[in-house]
Amino acid sequence: MKILDGETLKQMLISGANNLYNHYPEVDALNVFPVPDGDTGMNMNLTLTSGAKEIQNRNDRRVDELSKAFSKGLLMGARGNSGVITSQIFRGFAQGLEGLEEVNSIGFAKAFNKGVEVAYKAVVKPVEGTILTVIREASQDLNEQVKEGYSIEKCMEILIKAADESLKRTPELLPILKEVGVVDSGGYGLTFILKGMESALNGEVIERNQATATEEMSPISKAGATIEDEEFGYCTEFIMILGPDSVKKPFNEQRFTSNLQNRGNSLVVVRDEEIVKVHIHTMNPGQILNYAQNFGEFKTLKIENMTEQHHALETGATVAPHEDLVKEEKPKDKYALIAVSAGEGISNFFKDIGVNEIVFGGQTMNPSTEDFISAIRKCNAENIIILPNNSNIVMAASQACDVLSDEINCMVIPSKTIPQGITAAIMFNCDAEPEENLQEMKAALKNVKSGSVTFAIRDTEIDGVKVVKDDYIGILDKEIVTCKHDKVDATLTLLEKMIDENSAVVTLLIGEGTKQKEVDKIVKTLTDKYPDVDIDVRDGGQPVYSFLIGVE
């Protein structure tokens with residue numbers, strides 16, 4: 001095939017997503033640390049699944065429109081660093097195809113080159129020996145070898161061969177991979193996507209293997225449910241006159257429509273010169289109207305409560321029409337805080353110290369960009385501060401802020417652990433200005449040591465510590481510092497390495513399955529050994545980790 005059209009590209013992308021789905025447990029298994037939270041494969045899988053869903057019912061013949069829709073789906077579903085980087089690769093790929101109905105081998109290679117450029121720009125400190133290296137070296141080989149008249153099949157062959165070779169070299173670039181004896185998990189996941197795309201190009205679209213895993217809805221996916229999951233809501237219609245330019249923002253129909261698509265369904269946008277007519281079903285009509293008013297003033301509007309109408313049909317009651325009525329919005333608060341939490345106890349702790357919205361997730365299931373967007377929109381505030389509380393979640397939170405940058409002043413405090421998030425939230429000052437809060441909360445992250453205790457899933461030796469499967473390991477700021485057969489011993493050994501003469505407070509968050517007698521033994525030992533240190537024990541309810549520990 002010398003020319004690639006939108007329909008074929010659609011099959012390639014869906015096949016790539018399905019191939020990753022069929023193999024994502026293998027990608028998860030490449031987790032460098034021997035802890036039961038390997039989620040690179042799951043994050044990439046959920047990201048690609050979101051992209052595939054966005055295009056599965058489209059019939060675009062143009063490669064630019066199809067790739068743009070796929071990119072949008074990836075953006076909203078992106079989870080974890082690997083998922084966000086993957087979404088950026090295909091975002092750049094879509095930019096490389098902009099304006100093209102079809103693409104030849106040269107254009108195809110350039111599109112991947114653009115994907116590399118965009119992905120690298122999205123990462124503040126790119127690390128070689130990762131998915132970034134794999135896509136960069138593969139794209140570079142393709143662009144160096146491609147010639148006019150090459151088939152798309154030949155391009156994929158070059159790309160995949162180079163990606164496989166690059167993947168083999170990742171341990172030489174990232175010492176931790178070499179020490180553990182694995183290749184980069186994100187790069188490995190990327191090779192499954194590319195090979196799935198190639199299979200469809202050769203006429204064999206890969207289907208999902210239902211035996212791979214059962215994707216049950218997690219608390220995160222429930223929390224991130226969109227209007228499409230709701231049966232009713234508000235039917236919102238309005239006619240708006242655009243401008244004047246002196247006081248209103250410039251109107252871009254494509255961007256305006258894209259923004260509204262993320263806020264509801266049954267969307268219709270019609271523009272006739274300076275008049276725009278909109279119909280949308282949404283759970284938050286006030287937000288729709290506030291956004292639209294940035295570009296003009298309303299000539300007519302109507303909001304009808306479809307839930308109430310449905311109830312009336314069921315009961316026989318009458319419903320007064322809600323024409324020309326907008327529910328009065330509450331005045332916006334100056335601030336709202338959003339925090340990621342993995343357990344009910346941790347969530348309650350965050351709420352006790354002033355956090356307004358909780359995004360469910362954490363180490364074993366990273367929330368998506370869309371989950372953060374949903375939480376941000378629930379907050380009625382001028383300034384939103386997000387605490388991701390996991391290094392693998394910071395990029396998705398930042399991406400959500402970028403998506404909503406035209407509407408809301410949203411900031412991310414790069415908290416990488418739950419204890420860091422708690423400390424930063426305590427430092428929040430509702431009377432301070434946003435920039436001052438940003439600086440103070442970021443500074444607070446440096447004042448807490450973060451530790452965790454969980455069980456090992458395999459035998460290995462890392463950072464000089466011999467790890468035995470099913471024993472308990474203590475982790476201090478991402479470094480394994482101890483491995484013990486007994487959970488209490490592992491916890492106390494970890495705490496000894498965390499507490500010093502400057503320590504004032506120890507916070508113990510108790511995880512699922514931890515026995516009270518284990519907690520009592522740890523607290524008694526700490527109280528006897530460190531009488532001047534305050535010990536705050538709370539039921540965190542987090543899965544996987546027996547203890548999450550903060551020392552300030």
Side-chain angles (χ1 to χ4, degrees), residues 37 39-40 42-43 46-47 75-85 87-88 122-125 218-221 223-224 335-343 346-347 349-351 353-379 381 383-405 408-428 434 437-446 448 450 452 477-478 509 540 542-545 548 550:
D37 62 8
D39 56 4
T40 297
M42 175 61 82
N43 284 336
L46 293 175
T47 301
L75 174 73
M76 301 305 292
R79 300 172 188 266
N81 293 344
S82 54
V84 173
I85 291 172
S87 74
Q88 293 301 309
V123 181
V124 177
K125 294 181 179 179
S218 67
I220 295 173
S221 55
Y335 286 107
L337 269 63
I338 298 172
V340 176
S341 168
I346 295 173
S347 299
F349 193 174
F350 274 122
K351 289 177 181 177
I353 57 179
V355 171
N356 305 88
E357 287 289 334
I358 299 295
V359 174
F360 292 98
Q363 193 65 26
T364 54
M365 177 60 80
N366 299 158
S368 68
T369 301
E370 190 168 18
D371 292 328
F372 282 110
I373 289 174
S374 177
I376 291 168
R377 285 182 171 147
K378 289 179 183 177
C379 298
N383 303 286
I384 309 289
I385 297 176
I386 301 178
L387 299 165
N389 304 330
N390 187 297
S391 60
N392 206 33
I393 299 176
V394 174
M395 287 185 72
S398 300
Q399 190 160 263
C401 292
D402 290 341
V403 170
L404 299 178
S405 60
I408 302 172
N409 182 31
C410 189
M411 301 164 284
V412 176
I413 305 298
S415 53
K416 297 180 180 179
T417 66
I418 293 292
Q420 280 191 342
I422 291 170
T423 301
I426 292 172
M427 287 299 298
F428 168 73
N437 262 319
L438 192 64
Q439 292 177 2
E440 292 295 324
M441 294 174 76
K442 280 185 176 180
L445 303 181
K446 301 176 182 178
V448 58
S450 301
S452 57
D477 294 330
K478 291 296 184 181
L509 298 172
Q542 71 272 8
V544 178
Y545 288 85
L548 294 176

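Heavy-atom basis, side chains included; hydrogens, waters and symmetry copies ignored.
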- prompt: Rounded to the nearest 0.5 Å, how far apart are CG of Asn390 and CG of Asn366?
  reply: 5.5 Å
task: Report the distance from atom CD1 of Ile373 to atom CE of Met76, rounding to the nearest 0.5 Å.
output: 3.5 Å
query: Can you tell me if Gln399 uses its side chain to pair, donor with acceptor, with the backbone of Ala78 under 3.5 Å?
result: no
query: Any idea which heavy atoms bring Ala381 and Ile384 closest together, and the distance?
result: CB-CD1, 4.0 Å
- prompt: Judged by atom type as modelled, is there a donor-acceptor pair below 3.5 Å linking the side chain of Asn43 to the main-chain atoms of Gly83?
  reply: no
message: Quiz question: by atom type and distance under 3.5 Å, do the side chains of Asp371 and Ser368 form a donor-acceptor pair?
response: yes
message: Show the nearest heavy-atom pair for residues Pro414 and Val394, with the distance to one decimal.
response: CA-CG2, 4.3 Å
- line: The side chain to side chain contact (heavy atoms under 4.5 Å, CB included) partners of Ala424 (sequence neighbours excluded) come to Leu387, Ile413, Met441, Leu445
query: Between Leu548 and Ser452, which heavy-atom pair has the shortest distance, and what is it?
result: CD2-CB, 3.8 Å
- request: Of all the heavy-atom pairs spanning Ala375 and Val359, show the shortest one and how long it is.
  value: CB-CG2, 3.6 Å
query: Is there a side-chain contact between Pro434 and Tyr335, using heavy atoms and a 4.5 Å cut-off?
result: yes
query: Rounded to the nearest 0.5 Å, how far apart are OG1 of Thr47 and CE of Met42?
result: 11.0 Å
field: Spatial distance of atom NZ (Lys446) from atom CD (Gln420) [nearest 0.5 Å]
entry: 11.0 Å
message: Donor-acceptor pair, distance only, cut-off 3.5 Å: does the side chain of Asn389 make one with the backbone of Ser415?
response: no
query: Is there a donor-acceptor pair closer than 3.5 Å between any side-chain N or O of Thr423 and the backbone N or O of Pro419?
result: yes
field: Contacts of Asn383 that satisfy side-chain hydrogen bond (donor to acceptor under 3.5 Å, both in side chains) - sequence neighbours left out
entry: Asn409
message: By the definition side chain to side chain contact (heavy atoms under 4.5 Å, CB included), identify the one residue from Leu337, Val355, Val340 that meets it with Phe350.
response: Val355
Heavy-atom closest contact (Ile353 atom, Ile422 atom, distance): CD1-O, 3.8 Å
task: Might you point out which heavy atoms bring Met395 and Ala122 nearest each other, and give the distance in Å?
output: CE-O, 3.9 Å
- request: Take Phe349 and Leu509 through the side-chain contact (heavy atoms from CB on, under 4.5 Å) test and state the conclusion after the steps.
  value: CA-CA 10 Å; Phe349 193 174; Leu509 298 172; 4.0 Å; yes
message: Nearest 0.5 Å, please: how far is OG in Ser398 from CD1 in Ile393?
response: 11.5 Å
field: Distance (rounded to the nearest 0.5 Å) between Arg377 CZ and Ile408 CD1
entry: 7.0 Å
message: Quick check against the 3.5 Å criterion: does Ser347 have a side-chain atom that pairs as donor or acceptor with the backbone of Ser341?
response: no
- prompt: What's the verdict on salt bridge (Lys or Arg N to Asp or Glu O under 4.0 Å) for Arg79 and Asp39, showing C-alpha distance, side-chain angles and the deciding distance?
  reply: CA-CA 10 Å; Arg79 300 172 188 266; Asp39 56 4; over 6 Å; no
message: Evaluate Leu404 against Cys410 for side-chain contact (heavy atoms from CB on, under 4.5 Å), listing each step before the verdict.
response: CA-CA 8 Å; Leu404 299 178; Cys410 189; 5.9 Å; no
